Chemist: 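Encoded as structure tokens, here's the structure I'll be asking about.
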Amino acid sequence: MTLRIYNTQSRKKEEFHPLQEGKVGIYVCGITAYDVCHVGHARSAVVFDGITRYLRYRGWEVTYVKNFTDIDDKIIDKARRENAGINAIAERYIREHDEDMGMLGVARPTFTPRATENIDGMIRLVTTLLEKGLAYPMDGDVYYSVERFPGYGKLSGRNLEDMLAGARIDVNEKKRNPLDFALWKASREGEPWWESPWGRGRPGWHLECSVMSQRYLGETFDIHGGGEDLVFPHHENEIAQSEGATGKTLARYWIHNGFVRVNSEKMSKSLGNFFTIRDILQQYHPEVLRLFLLQSHYRSPVDFSDAALNEARQGMNRFYSTLKLLRDIAAGGTEMAPETAEKDGEMKAQLQSLRERFCEAMDDDFNTARAIGHLFDAVRLVNASLAEKKPDVSRSVFVQAGKTLLEIGSVLGFFRQESDDYLRRDREREAGKRGLSVAEIERLIAERRAARAAKTWQRADEIRNGLAAQGVILQDAPDATTWTIA
RNA sequence: GGCGGCAUAGCCAAGUGGCUAAGGCAGCGGUCUGCAAAACCGUUAUUCUCCGGUUCAAAUCCGGAUGCCGCCUCCA
């Protein structure tokens with residue numbers, strides 16, 4: 001089976017073959033560290049986390065590089081407003097980013113370089129571009145001359161004439177062509193600076209990625225990713241810089257994730273319609289957010305809402321409820337069929353088929369939505385066997401089913417928690433949101449158990465209906481009553 | 001103004017030329033249950049925004065219309 005990836009540059013799905021047998025190099029543009037991350041950042045992180053996990057699951061050795069932009073206008077502004085150093089600002093938001101991503105279960109990239117650690121490399125790259133006649137200095141700035149790079153526009157499907165025809169480009173008389181972009185900016189009063197052959201200044205935004213990707217992955221590497229808003233101009237400019245300097249292809253496959261929307265509009269800082277990751281994780285389990293994000297294909301827009309998250313929550317509860325059943329079986333607490341059960345072979349075949357269908361879906365441009373569908377199929381299969389009075393599948397095969405679910409789920413970053421803990425935390429969180437007291441709920445349940453034991457059904461039903469009116473749903477089992485929030 | 005994307009059930013969402021149009025949420029009927037809930041079984045799109053075309057065959061390809069969105073300025 002071959003992995004196929006939609007390449008932004010060709011606008012087609014292409015077969016993926018890494019440059020080096022058995023190894024994959026991937027570079028993803030990270031955040032500018034000037035504020036806390038919102039759900040849009042979470043999507044990008046979760047999508048590329050899933051992609052790298054799958055590439056590893058498939059057996060490739062993956063080097064995953066994700067940078068931090070720690071020198072930029074917005075960081076400087078923020079530092080000024082807060083009367084702090086830019087390092088302190090960047091440091092703070094990088095730390096917060098790492099915390100958020102940690103909570104989301106995003107695995108750390110192999111390397112997380114920062115722009116300011118790579119100034120020397122950037123100066124060298126600008127020097128090369130000047131030597132090649134692809135850039136020109138102007139009053140302490142250095143600009144890239146887009147007309148001198150023949151492939152300019154190839155990633156985003158634009159050409160210079162069309163772009164110039166559109167009148168929305170600000171005029172800067174220092175530039176020879178309005179589309180030229182700054183490689184190096186002379187520093188103004190009070191701004192941070194580094195010494196350079198062109199005077200004291202600081203790098204333009206696009207430069208760092210060209211330098212850092214080459215440093216960790218080489219002149220040509222396999223996959224370059226980021227949010228779709230980076231296609232133009234950021235990634236187009238990276239190509240111009242890197243390929244202009246080396247004469248070699250920068251990245252062989254370009255992957256861009258779609259936006260998170262709110263009421264059909266892009267979630268963004270400037271529109272002010274964003275939700276921070278940490279706020280959402282107060283309301284929902286991280287895996288619920290992951291499920292919400294991965295239930296759509298990574299290139300489609302996804303509309304963020306409380307209702308949508310709650311649907312994902314119901315789905316995740318379905319997974320964990322089944323995992324709990326399987327875990328209880330593994331612990332030996334459930335009476336089971338003998339090891340020679342008649343349907344063992346069938347179940348084993350289904351489990352193998354689950355693996356295959358999962359890989360088939362993921363091989364088709366990381367179709368996590370389809371893959372998750374298969375996971376739900378497996379849940380139904382297991383539940384159906386367990387629903388029978390005498391399951392005709394033996395314990396060891398159910399144990400195997402649990403392992404398979406955990407194995408496949410882990411590729412998507414799911415099922416990282418013990419099912420009992422997950423379900424308990426879900427109850428408590430949801431009760432908290434509604435201002436309900438867990439102790440009071442459990443007291444009423446105990447009272448109802450006594451009523452049921454005494455067969456005073458009226459009182460038992462009164463308690464249950466009262467709780468149900470508040471959204472507390474009871475589930476009576478022979479040995480205990482559990483509860484959940486609707 | 002230039003360039004591009006999307007439109008599938010009540011909602012979310014896979015499916016990109018040919019078997020019964022995945023899956024989730026919600027709903028309905030049944031099994032189970034003291035009654036419920038969960039789970040399971042069944043059911044909910046003769047049809048994929050609309051109009052034309054290509055084809056033996058189209059949600060899937062082509063043309064047009066309508067609607068929504070994005071990039072072109074910082075943006076995941």
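Given the structure is predicted, the values throughout are model-derived calculations rather than measurements. The chains referred to below are lettered A, B, ... by the order of the sequence lines, with proteins before strands, and numbering in each begins at 1.
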Chemist: Using a 4.0 Å heavy-atom cut-off across all strands, classify A:R452 as base, sugar-phosphate, or nothing.
Modeler: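 A:R452: base contact, heavy atoms under 4.0 Å.
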Chemist: May I ask you to verify whether the side chain of A:R464 and the base of B:rC35 hold a donor-acceptor pair under 3.5 Å?
Modeler: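 Such a pair is found, so the answer is yes.
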Chemist: Say we look at B:rA9 and B:rU49: how far apart would their C1' atoms be, to the nearest angstrom?
Modeler: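 So the two C1' atoms sit 14 Å from each other.
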Chemist: If you pin A:Y6 and A:S268 to their nearest nucleotides in RNA chain B, which one's is more 5'?
Modeler: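 Counting from the 5' end, the first nearest nucleotide belongs to A:Y6.
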Chemist: Categorize A:Q314 for me: base, sugar-phosphate, or nothing, with a 4.0 angstrom heavy-atom threshold over every strand shown.
Modeler: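 Result for A:Q314 = sugar-phosphate.
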Chemist: NA contact type, A:H234, heavy-atom cut-off 4.0 Å: base, sugar-phosphate, or nothing?
Modeler: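 Touches nothing.
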Chemist: Scan A:V47 against the nucleic acid and name what it touches under 4.0 Å (heavy atoms): base, sugar-phosphate only, or nothing.
Modeler: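 If one applies the 4.0 Å heavy-atom cut-off, A:V47 turns out to touch nothing in the nucleic acid.
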Chemist: Please work out if A:N383 contacts a base, only the sugar-phosphate, or nothing of the nucleic acid, heavy-atom cut-off 4.0 Å.
Modeler: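 Here A:N383 touches the backbone only, sparing every base.
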Chemist: Respond yes when some side-chain nitrogen or oxygen of A:R380 is under 4.0 Å from OP1 or OP2 of B:rG23, and no when none is.
Modeler: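 Yes, A:R380 has a side-chain N/O under 4.0 Å of OP1/OP2 on B:rG23.
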Chemist: For B:rA22, give the paired nucleotide (Watson-Crick: N1-N3 plus N6-O4 or O6-N4; G-U: N1-O2 and O6-N3; both under 3.5 Å), or none.
Modeler: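 Across any shown strand, B:rA22 pairs with none.
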Chemist: Please work out if A:L474 contacts a base, only the sugar-phosphate, or nothing of the nucleic acid, heavy-atom cut-off 4.0 Å.
Modeler: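 Base, at least one base atom sits under 4.0 Å.
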Chemist: Under 4.0 angstrom, heavy atoms only, what part of the nucleic acid is A:A369 near: base, sugar-phosphate, or nothing?
Modeler: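 Base contact.
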Chemist: Can you tell me the base-pairing partner of B:rG29? Count Watson-Crick or G-U wobble geometry only, both distances below 3.5 Å, and say none if there is no partner.
Modeler: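 Paired with B:rC41.
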Chemist: Name the nucleic acid region contacted by A:D476, choosing base, sugar-phosphate or nothing; use a 4.0 angstrom heavy-atom cut-off, strictly under.
Modeler: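 If one applies the 4.0 Å heavy-atom cut-off, A:D476 turns out to touch a base.
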Chemist: Categorize A:T484 for me: base, sugar-phosphate, or nothing, with a 4.0 angstrom heavy-atom threshold over every strand shown.
Modeler: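 Answer is nothing: A:T484 stays at 4.0 Å or more from every strand.
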Chemist: Would A:K66 count as a cation-pi partner of A:F48, with NZ or CZ less than 6.0 Å from the six-membered ring centre and within 45° of the ring normal?
Modeler: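 The answer is no; the distance or angle limit is not met.
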Chemist: Looking at A:T368, I'd like to know whether one of its side-chain N or O atoms comes within less than 4.0 Å of OP1 or OP2 on B:rA14.
Modeler: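 No, outside the criterion.
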Chemist: At under 4.0 Å between heavy atoms, what does A:N465 touch on the DNA or RNA strands: base, sugar-phosphate, or nothing?
Modeler: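 Touches nothing.
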Chemist: Who is the Watson-Crick or G-U wobble partner of B:rC6, with both distances under 3.5 Å?
Modeler: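 Pairing partner, where one exists within any strand: B:rG67.
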Chemist: Checking all strands, does A:R313 fall into the base, sugar-phosphate, or nothing category for heavy-atom contacts under 4.0 angstrom?
Modeler: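 Here A:R313 touches no strand at all.
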Chemist: Is a donor-acceptor contact shorter than 3.5 angstrom present between the side chain of A:D229 and the base of B:rG70?
Modeler: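 No pair found.
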Chemist: Output yes if the stacking criterion (under 5.5 Å between centres, under 30° between planes) is met for A:W457 over the base of B:rG34, else no.
Modeler: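 Per 5.5 Å and 30° rule: yes, stacked.
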Chemist: Touch check for A:F259, heavy atoms < 4.0 angstrom, all strands: base, sugar-phosphate only, or nothing?
Modeler: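 Here A:F259 touches the bases of the nucleic acid.
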Chemist: Can you confirm if the NZ or CZ of A:R452 lies within 45° of the ring axis of A:W457 and under 6.0 Å from the centre of its six-membered ring?
Modeler: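 So A:R452 doesn't make the cation-pi contact.
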Chemist: Is there a Watson-Crick or G-U wobble partner for B:rU60 with both distances under 3.5 Å, and which nucleotide is it?
Modeler: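 B:rU60 is unpaired by these criteria.
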Chemist: State, without any angle test, whether A:E228 and A:N257 hold a side-chain donor-acceptor pair at a distance under 3.5 Å.
Modeler: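 No, no side-chain donor-acceptor contact under 3.5 Å.
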Chemist: For A:K266, answer base if it contacts any base atom (sugar-phosphate contacts may also be present), sugar-phosphate if it contacts only those atoms, and nothing otherwise; contact means non-hydrogen atoms under 4.0 Å.
Modeler: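 Base, at least one base atom sits under 4.0 Å.
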Chemist: Would a line drawn from the ring center of A:Y34 to the ring center of A:Y93 be shorter than 6.0 Å?
Modeler: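 No - the distance between ring centres of A:Y34 and A:Y93 does not fall below the 6.0 Å cut-off.
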Chemist: Return no unless some side-chain N or O of A:R318 is found under 4.0 Å from OP1 or OP2 of B:rA39.
Modeler: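 For A:R318, the contact criterion (side-chain N or O under 4.0 Å from OP1 or OP2 of B:rA39) is met.
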Chemist: With a 4.0 Å cut-off on heavy atoms, is A:G225 in touch with a base, just the backbone sugar-phosphate, or nothing at all?
Modeler: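 The residue A:G225 makes no contact with any strand.
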